[in-house]
Amino acid sequence: MFALQLVAVVIGLAATAVGWTFFINRIVRFVRYFKLGAPTLEGERTREPWARTVTLLREFLGHTRMARLPIVAIAHWVTMVSFGVLVLTLAQATMQLFNPYAVLPLIGHFFPYEWVTEFFAFFGLLGIIYLIVVRQLNKPKQKGRYSRFFGSTFWEAYYVEFTILGVAGCIALLRGAEYVLQSRTGELTNGILHFPFFFWIGELLSGASTGFIEAFIVVVALIKLLISYAWMVTVGITPTMGVAWHRFLAFPNIWFKRHADGRTSLGPLQPMVSKGEPIDFENMEDMDEDASMGAGKIEDFTWKGLLDFSTCTECGRCQSQCPAWNTEKPLSPKLMIMNLRNHANAKAPWMQAAQQAQAEATPPAEPGPDADKKEKKAYAKALDEYNSISDPHENLDLLGTLSEAAQTEAVRPLVGAQDVEELTELGVIDPDALWSCTTCGACVEQCPVDIEHVDHFVDMRRYQVLIESAFPSELSGLFKNLENKQNPWGMSQRKRMEWAKNLDFEVKQVGADIEDLGETEYLFWVGCAGAFEDRAMKTTQAVAELLHIAGVDFAVLGDGESCTGDPARRAGNEFLFQMLAQANVEVLNEMKARKIVVTCAHCFNTIANEYPQLGGNFEVVHHTQLLNRLVRDKRLTPVAPAAGEAVATPVTYHDPCYLGRHNGIYTPPRELIGSLPGVEYREMERSKEWSFCCGAGGARMWMEETIGSRININRTKEAVATGAEQIAIGCPFCRVMLSDGLTSEQAEGNASDGVEVLDVSQMLLAGVRRGQGGTGATAVAPAETPS
């Protein structure tokens, strides 16, 4: 026994030293690595520390981000908590190498601790077995690209899973052996009390000799230590092992998330920042020459971005919900984040070397205002030389000091090919993947560790548009129309009021009928689609008529209104967005706008969430919210069709991404539909947080969809499959996409000719008109409130 213990002690202590050395060394290197990222806005990620701590505890202990897969969430919760709770068993196992009878000081045989230990060891064992089964049932071999684990690094996942399995199994065996020893020494007075889950293992071992049990404990304790410290060594040398490192990095990643109150990091896009300061677009001539415009290289991402990439656990929830991935496009949010993570870690040696070299170099002194042309030229040359330190294509001497792998990653472009003509080296991110994103936010909504995918993708788009001028050709027309005509369709501003020509009441226009918006309750923001797109104009007319009937005092800007800038910003053209948005904010402030009602989900999100970044603070409501309130207040009363005129009309509702996921507005549209007499509501399988995009967001409305199948047709098929005769929408973009999808399906004979796409306001107007003795635009009959 002494020889066995001696060998076990030597091996165990050596493993302990090596394991902790590798683990702590990696943590130190992680901190240095994250510091390589660009700074964030001051206080942006640290304000409201108490609220952030509460958010962290809620997400951690409540598993709120994982609850969308409830059984998996329960199994993961037990496994996750057991990882922390059972850490003391590591200390006890070390003590048992020296003495098989050893117990933890102070705790001893304190039965509540033993209950907690056995509970989490037992259910942690069951939990990890369940998670292993889930992974096997969802392997890409069975489901192809539709497996959420497609592209994940399987050996890493297997290693982590079987490490947990091995540790939990060793704890079970040790507890069973301890039961035998304590029974024989007389310490055990109540087996069930102290060994509630593993007493039966002790009963199985009860026939063995005491010497055997003592040796058994030493051997199993050593195995437990070797498994644990081998894991530490493995993760220590593998910084890209997100499936392991998320156990630690998820905590700071959640704490530093954008919103301290725990809201999903959607809604507004982050403003463009350079060196921790927001870019002043009104004084671009004063901007530093080396200021970053979006993300053109990995070091342009902030430290929070690098933390995001490293935290990815490769679970694939984002991938499984991505509309682009589900329609055979190259974009997988998971694979994008993994590629960025792997590239960042491989390029880190260059980033560190360049940062150190730049810190040791002396930046050139800027010439004074009286400097002559020669001095300014010399300064420009010196500044170029100073900046070239961080450019691996220029600083070849420094590049040559790195390993071959680090050199390759240092010169690798972030997006696309380094040499477009020769395609000598592919970029980290496929341009087709980057431009396939609809910015719907499904990835951010689903991520259990709060990675902010959309912000990172748009930052890369910004660089491609503003610096490289590398973007889909269709966007050239969009940008030109927005710049010259202030709307995506390139229509004349004079036509912005044509939608109101056939109304039988007057729509007040600011500047013509009233001096400013202080004289009215609401500004009705019509939007470009509502003013120029034929189908959306019907929504505009319906909303205006409903507001008129309800006695709501409202006015419009008419030709004083221009595009909010949403498509420009999501396409990466921040300059154009700033131009449009600042002009609108000036007009709205000058006209004393207070409360604004909008029909477009994109306009809603931009005015409510992004205009405050430019000094425009308004109370913004979506038309479905306001109309629902008016119905509840009995200011609008929809009436059922006459008896025998129609049966209940099956209706389904499509959640606009920028109303639902980005702003959490799910209930008002459904309540409004449920208030309509004669509606049989049918929910689509993918709805609310799980809703599927129509395909128009992220400026995709103006880009051709040439890869894979069409997103709008995918969504339309799901809507038609409910048996609905009407597809209700709450956004003009969605209306265009689903109408086109329906037309395509009907042309191919895959959809009923009786199905139509209507805005919720049109459905309400039909019922209200019937109550006034008019003819409804749609036939609906008894109400069934959606669940």
Side-chain angles (χ1 to χ4, degrees), residues 27 30-31 34-35 37-68 77 80-81 84 245-280 301-313 318 337 439 441 443-456 458-459 569 585 604-621 658-666 689:
I27 291 176
F30 259 137
V31 173
F34 295 138
K35 287 182 177 180
T40 58
L41 288 171
E42 184 177 356
E44 177 192 32
R45 300 288 177 173
T46 55
R47 63 172 63 97
E48 300 180 69
W50 175 246
R52 292 180 177 278
T53 303
V54 171
T55 294
L56 172 60
L57 292 174
R58 182 175 63 248
E59 290 194 18
F60 167 59
L61 296 176
H63 250 38
T64 54
R65 304 287 300 173
M66 293 195 67
R68 296 169 181 85
W77 185 89
M80 171 199 69
V81 175
W245 277 111
H246 83 280
R247 292 166 173 268
F248 308 97
L249 299 180
F251 294 104
N253 207 53
I254 293 170
W255 200 89
F256 288 118
K257 69 186 295 185
R258 192 201 294 178
H259 299 297
D261 60 5
R263 281 176 293 154
T264 306
S265 299
L266 292 171
L269 282 174
Q270 295 289 74
M272 277 184 64
V273 175
S274 179
K275 299 179 181 178
E277 296 292 333
I279 292 177
D280 184 358
F301 290 103
T302 65
W303 59 264
K304 177 59 170 66
L306 298 183
L307 178 59
D308 266 359
F309 307 154
S310 296
T311 307
C312 178
T313 184
C318 59
I337 295 298
T439 67
C443 48
V444 183
E445 174 67 40
Q446 290 294 321
C447 183
V449 291
D450 287 302
I451 294 172
E452 299 168 5
H453 311 70
V454 172
D455 286 338
H456 303 318
V458 172
D459 262 345
R569 193 172 216 193
V585 169
F604 173 86
N605 180 70
T606 305
I607 299 173
N609 297 323
E610 298 185 333
Y611 279 13
Q613 297 173 357
L614 304 172
N617 296 285
F618 314 104
E619 179 185 338
V620 187
V621 295
Y658 274 85
L659 187 65
R661 267 191 295 266
H662 281 269
N663 287 282
I665 299 173
Y666 301 108
E689 291 90 347

Would you compute the distance between atom [atom1] of [X] and atom [atom2] of [Y] and round it to the nearest 0.5 angstrom?
X      : Y      : atom1 : atom2 : value
Ile254 : Thr55  : CD1   : OG1   : 9.5 Å
Gln613 : Leu269 : CD    : CG    : 8.0 Å
Leu614 : Thr606 : CG    : OG1   : 10.5 Å
Thr264 : His662 : OG1   : NE2   : 10.0 Å
Ile337 : Cys447 : CD1   : SG    : 8.5 Å

Are side-chain heavy atoms of [X] and [Y] found at a separation under 4.5 Å?
X      : Y      : result
Cys318 : Ile451 : no
Thr40  : Val273 : no
Ser310 : Phe34  : yes
Arg258 : Pro268 : yes
Thr46  : Phe256 : yes
Asn663 : Asn605 : yes
Trp303 : Val31  : no

Derivation of the side-chain contact (heavy atoms from CB on, under 4.5 Å) call for Ser265 and Asp450: CA-CA 8 Å; Ser265 299; Asp450 287 302; 5.7 Å; no
Step-by-step side-chain contact (heavy atoms from CB on, under 4.5 Å) determination, Leu266 to Val454: CA-CA 8 Å; Leu266 292 171; Val454 172; 4.3 Å; yes
Non-neighbouring partners of Val621 that pass side chain to side chain contact (heavy atoms under 4.5 Å, CB included), sequence neighbours left out: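 For Val621 the side chain to side chain contact (heavy atoms under 4.5 Å, CB included) partners, ignoring immediate neighbours, are Tyr522, Val597, Gln625, Leu626, Arg629.
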Cationic N near anionic O, under 4.0 Å, Glu689 to Arg68: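 Looking at Glu689 and Arg68, the cut-off is not met.
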Least distance between heavy atoms, Pro612 atom then Asn617 atom: CB-OD1, 3.4 Å
Heavy-atom pair of closest approach, residues Thr302 and Pro39: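 Of all heavy-atom pairs spanning Thr302 and Pro39, the closest is CG2-O, 3.9 Å.
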Between Phe309 and Phe301, ring centroids under 6.0 Å: yes
Ring-ring centroid check Tyr658 Phe604, cutoff 6.0 Å: no
Salt bridge (Lys or Arg N to Asp or Glu O under 4.0 Å) contacts in which one or both residues fall within residues 39-55, not counting sequence neighbours: Arg45-Glu452
Full working for side-chain contact (heavy atoms from CB on, under 4.5 Å) between Arg65 and Phe60: CA-CA 9 Å; Arg65 304 287 300 173; Phe60 167 59; over 6 Å; no
From CA spacing to verdict: side-chain contact (heavy atoms from CB on, under 4.5 Å), Lys257, Glu59: CA-CA 12 Å; Lys257 69 186 295 185; Glu59 290 194 18; 2.9 Å; yes
Results of salt bridge (Lys or Arg N to Asp or Glu O under 4.0 Å) for Arg263 - residues two or more places apart only: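 Partners of Arg263 under the salt bridge (Lys or Arg N to Asp or Glu O under 4.0 Å) test: Asp261.
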